[in-house]
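Everything below concerns the one structure shown next.
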2 protein chains.
Amino acid sequence: MATNTMNKSEIKVIGVLERVGGFASAQELYQLLQRGGESIGLTTVYRALQSLVSDKIVDQLRREDGEAIYRLCGDNHHHHLVCKQCGSTVEIEGSAIERWTKSIAEEHGFREVGHTAEIFGICPKC
Amino acid sequence: MATNTMNKSEIKVIGVLERVGGFASAQELYQLLQRGGESIGLTTVYRALQSLVSDKIVDQLRREDGEAIYRLCGDNHHHHLVCKQCGSTVEIEGSAIERWTKSIAEEHGFREVGHTAEIFGICPKC
DNA sequence: TTGAAAATGAAAATCATTTTCATTTTCTGC
DNA sequence: GCAGAAAATGAAAATGATTTTCATTTTCAA
Ligand SMILES: [Zn+2]
Ligand SMILES: [Zn+2]
Ligand SMILES: [Zn+2]
Ligand SMILES: [Zn+2]
């Protein structure tokens, strides 16, 4: 249930995730909190994130390099088109992929479904 | 081009990947090679995998816990539906996503386009 | 044969994440 | 308010995958 209380650290972490408005790693969130003058330890950031993930308030997934990244559930979800040469990025509205995900998952009886999708290539400038 | 030569270690790693027939981590592959009596160091396994990945002979992706896993690139391109609980994996035929990728990329003038897409959730058994 | 280039692997370094543990804060019943 | 229990906190140590260093060995072309 979501009957659990939320402690101070969890509130701070949610706050910074709101400001970020997308994905960020634990280390990044920790830095942002520090810079914002918040007094909070790295360990506590990790613990707050674990707790928020298991309460389904935050989504967790992985960067290419394996680092965990987090975002508030219900942030406006989108994907990216990235240039492998210059790194420039376009945000993609992906309703087609959202439907695809949902239908595949249903077809196989999966629940609590999430997904990742990135497109990469070489941009017109490069 | 794929004109590069392949060294002994890379051949050993390909061999064990063939035997495995699916995904395995670097550490697992190293263990398997050891048990199989092959003399090869962990560092070399990592290096061989890096090289094979960059030559597009091996696919790399991430377990839920962030560990990298590898498998031989099959001729048939597909995606995965993975259970975050038990790790069981379903291979997905993704013509819808292939079209989506292509149309988005064209729309933005990108070339040499690739993509990643994974769906994860909790399987019926779990 | 010989010297340069490539490959190898043990050990050390990195780096995200988790665990430990002693301290501090919050809560509960009186 | 007050004592003691429970929860939260964070510094430091531990963990574990991966990368880097570096000295040694192997390969290969001239
Ligand atoms: Zn570009
Ligand atoms: Zn999506
Ligand atoms: Zn499962
Ligand atoms: Zn595809």
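Numbered from 1 within each chain, the chains take letters A, B, ... in sequence-line order.
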List in chain and number order the residues that pass side chain to side chain donor-acceptor pair (under 3.5 Å) with B:H108, two or more places apart in sequence or in another chain; answer none if no residue qualifies.
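By the side chain to side chain donor-acceptor pair (under 3.5 Å) rule, B:H108 matches no residue at all.
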Partners passing side chain to side chain donor-acceptor pair (under 3.5 Å) against A:E91 (at least two apart in sequence or in another chain):
A:H78
Rounded to whole Å, please give me the gap between [atom1] in [X] and [atom2] in [N].
{"X": "B:M6", "N": "C:dA6", "atom1": "CE", "atom2": "C1'", "answer": "16 Å"}
{"X": "B:Q34", "N": "C:dT8", "atom1": "CD", "atom2": "C1'", "answer": "14 Å"}
{"X": "B:L33", "N": "C:dG9", "atom1": "CG", "atom2": "P", "answer": "11 Å"}
{"X": "B:D65", "N": "D:dG16", "atom1": "CG", "atom2": "C1'", "answer": "10 Å"}

Using OP1 and OP2 only, check whether a side-chain N or O of A:N7 sits under 4.0 Å from C:dT26.
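Checking C:dT26 against A:N7, no side-chain N or O comes under 4.0 Å of OP1 or OP2.
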Do the side-chain N or O atoms of A:T44 get closer than 4.0 angstrom to the phosphate oxygens (OP1, OP2) of D:dG10?
yes
With sequence neighbours left out, what residues match A:E106 under salt bridge (Lys or Arg N to Asp or Glu O under 4.0 Å)?
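A:E106: no salt bridge (Lys or Arg N to Asp or Glu O under 4.0 Å) contacts found.
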Using a 4.0 Å heavy-atom cut-off, write out nucleotides 10-25 of chain C from 5' to 3' as B (base contacted by protein), S (sugar-phosphate only) or - (no contact).
BB----SBBB------
Any pair counted as salt bridge (charged side-chain N to carboxylate O under 4.0 Å, His left out), so long as it reaches residues 31-50 of chain B, sequence neighbours left out
B:K12-B:E38
With sequence neighbours excluded, give me every salt bridge (charged side-chain N to carboxylate O under 4.0 Å, His left out) pair touching residues 13-32 of chain A.
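Only A:E28-A:R63 qualify under salt bridge (charged side-chain N to carboxylate O under 4.0 Å, His left out).
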Taking atom CD as the centre, does A:Q34 end up with more than 12 heavy-atom neighbours from other residues, nucleotides or ligands that are less than 6.0 angstrom away?
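Yes, the 6.0 Å shell around CD holds more than 12 heavy atoms from other groups.
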At 4.0 Å (heavy atoms only), tell me whether B:S39 reaches a base, stays on the sugar-phosphate, or touches nothing.
sugar-phosphate
